[in-house]
Number of protein chains: 2
Amino acid sequence: MGRPPSIDEDEVIARLAKVFSDVGYDGASLAQLAEASGLKKASLYHRFPGGKKQMAEDVLTAALDWIAANVLAPLAGDGPPRERIALAAENLDTFYRGGHRACLLNMLSSPRNEDGPFGKAIREAFEALLAAFAGVARAAGASEADARARAERAVVTMQGSLVLSRGIGSTGPFGRFLDELPDILAAEAGPARSRKVQQP
Amino acid sequence: MGRPPSIDEDEVIARLAKVFSDVGYDGASLAQLAEASGLKKASLYHRFPGGKKQMAEDVLTAALDWIAANVLAPLAGDGPPRERIALAAENLDTFYRGGHRACLLNMLSSPRNEDGPFGKAIREAFEALLAAFAGVARAAGASEADARARAERAVVTMQGSLVLSRGIGSTGPFGRFLDELPDILAAEAGPARSRKVQQP
DNA sequence: GTCTATAATATGATAGAC
DNA sequence: GTCTATCATATTATAGAC
């Protein structure tokens, strides 16, 4: 048999993920991917016979699996909704490195979803996240329509805060998104309480 | 003298802008840029001696000028705040083609703002937009801190809704952002009115 | 100002030794 | 399974005619 793997597959995927998250699909060259992974180009092709496209696919799949296990699953749990949300927020913070890492769903997106090799996976991932957010909002007492609106607001705010954090070079916006996530998804106050939000 | 310009410069910039918005900086090849602009590669280099980098810079500058004139200026006007916001929203709808076009600030972003040729312009553009939004929120009666929070929420929602619209292949999220923009920036109700939002 | 033709390099990918 | 060496192509960019 050949040599033993010099690097764990999960570690290779993790290193490739950083490159794709940083510079996107087109921006990632094989030279860069080889450098980052610690493998030579030919070794990368041995592990990913489908080439760069497969690398990105496997990276995306691994990311979505992680999100499914650490964000979607907690949101669908059976504890108090706000506790589920807090756990999901904590894991999103880990996933996005506190806002330092861009979202693959944004970095791998193509102009029209249907084109591009990842359009279908990206659309399904967004829809799964929307469904999970809506589910916990529903569990917190929102109507079906309100839950959907809250879920969209959560996804939109997450993506937008990541874009702005990268744009201004500060993780502030993403941090504030995490802080606000519970109130975005679960009604802020009981039915009889007066509001204090949006008033100085 | 040489031949007259076969295509108006503004039109060339507009066509290049579409390419960069669609596929980003790295994704845009000179073959693609030449095809889209209607000029041959050598003619593009005649107009943009700095090459692809200058094309993207000029495209970004033109976009930011348009935004300054059609979004920032209206927001800083002297009419009723909600009218200023309505005009800004209308022009943002035009600029982003109803949500079909991605934001250059997102497509040209680099991992760390400081790297990349456009980081400084992008950061300044975000800050100018934040300042303009905060200004109109302030004019609508918000405190300085509340105005800043509302401005950030507006920028974050705009960027996030564009990302989600592209991701799911529907302009719905961006359309809803435009609808909500007045309430994001200006207090929704007078001080004495009870709330109806976020309750089914 | 635009074009055809071409240069110089980087890219994605493969062959074949160990 | 990893590597060095290489291939074919696409890329950015330039030269020079009109």
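Below, each value reflects all heavy atoms present in this structure, side chains not excepted, and no hydrogens, waters or symmetry copies. For clarity, every value in this text was computed on a predicted model and none was experimentally measured.
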Going 5' to 3' through nucleotides 10-15 of chain C and flagging B where a protein heavy-atom sits under 4.0 Å of the base, S where only the sugar-phosphate is that close, and - otherwise, we get -SSBBB
Contacts of L72(B) meeting side-chain contact (heavy atoms from CB on, under 4.5 Å) (sequence neighbours excluded), chain-then-number -> I67(B), A68(B), A128(B), L129(B), A132(B)
Looking only at atom types and distance, does a side-chain atom of [X] sit under 3.5 Å from a main-chain N or O of [Y], one as donor and one as acceptor?
X	Y	result
S165(B)	G99(B)	no
R166(B)	H100(B)	no
K18(A)	A36(A)	no

Is L64(A) linked to M107(A) within one hydrophobic cluster, defined over Ile, Leu, Val, Met, Phe, Trp and Tyr using a side-chain heavy-atom separation of less than 4.5 Å?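 L64(A) and M107(A): separate clusters.
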Below 4.0 angstrom from OP1 or OP2 of [N], is there any side-chain N or O of [X]?
X	N	result
S6(A)	dG1(D)	no
S43(A)	dC3(D)	yes
H46(B)	dG1(C)	yes

Rounded to whole Å, the CG-P distance (L33(B) to dA13(D)) equals 11 Å
Separation of dT4(C) atom P from L39(B) atom CG, nearest Å, is 12 Å
Computed from five pairs at either end and rounded to 10 degrees, the angle between the axes of the helix from dG1(C)-dC18(D) to dC18(C)-dG1(D) is 0°
Picking from dT4(C), dG1(C), dT2(D), the nucleotide nearest the side-chain atoms of P5(B) would be dG1(C)
Requested in this report: First locate atom CG of L108(A), then atom CG of L60(A), and finally report the distance between them rounded to the nearest 0.5 Å.
Outcome: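 It is 6.0 Å, given to the nearest 0.5 Å.
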G79(B) and R84(B) have their tightest heavy-atom pair at O-NE, 2.9 Å
Got a salt bridge between R148(A) and E144(A), using NZ or NE/NH1/NH2 to carboxylate O under 4.0 Å?
yes
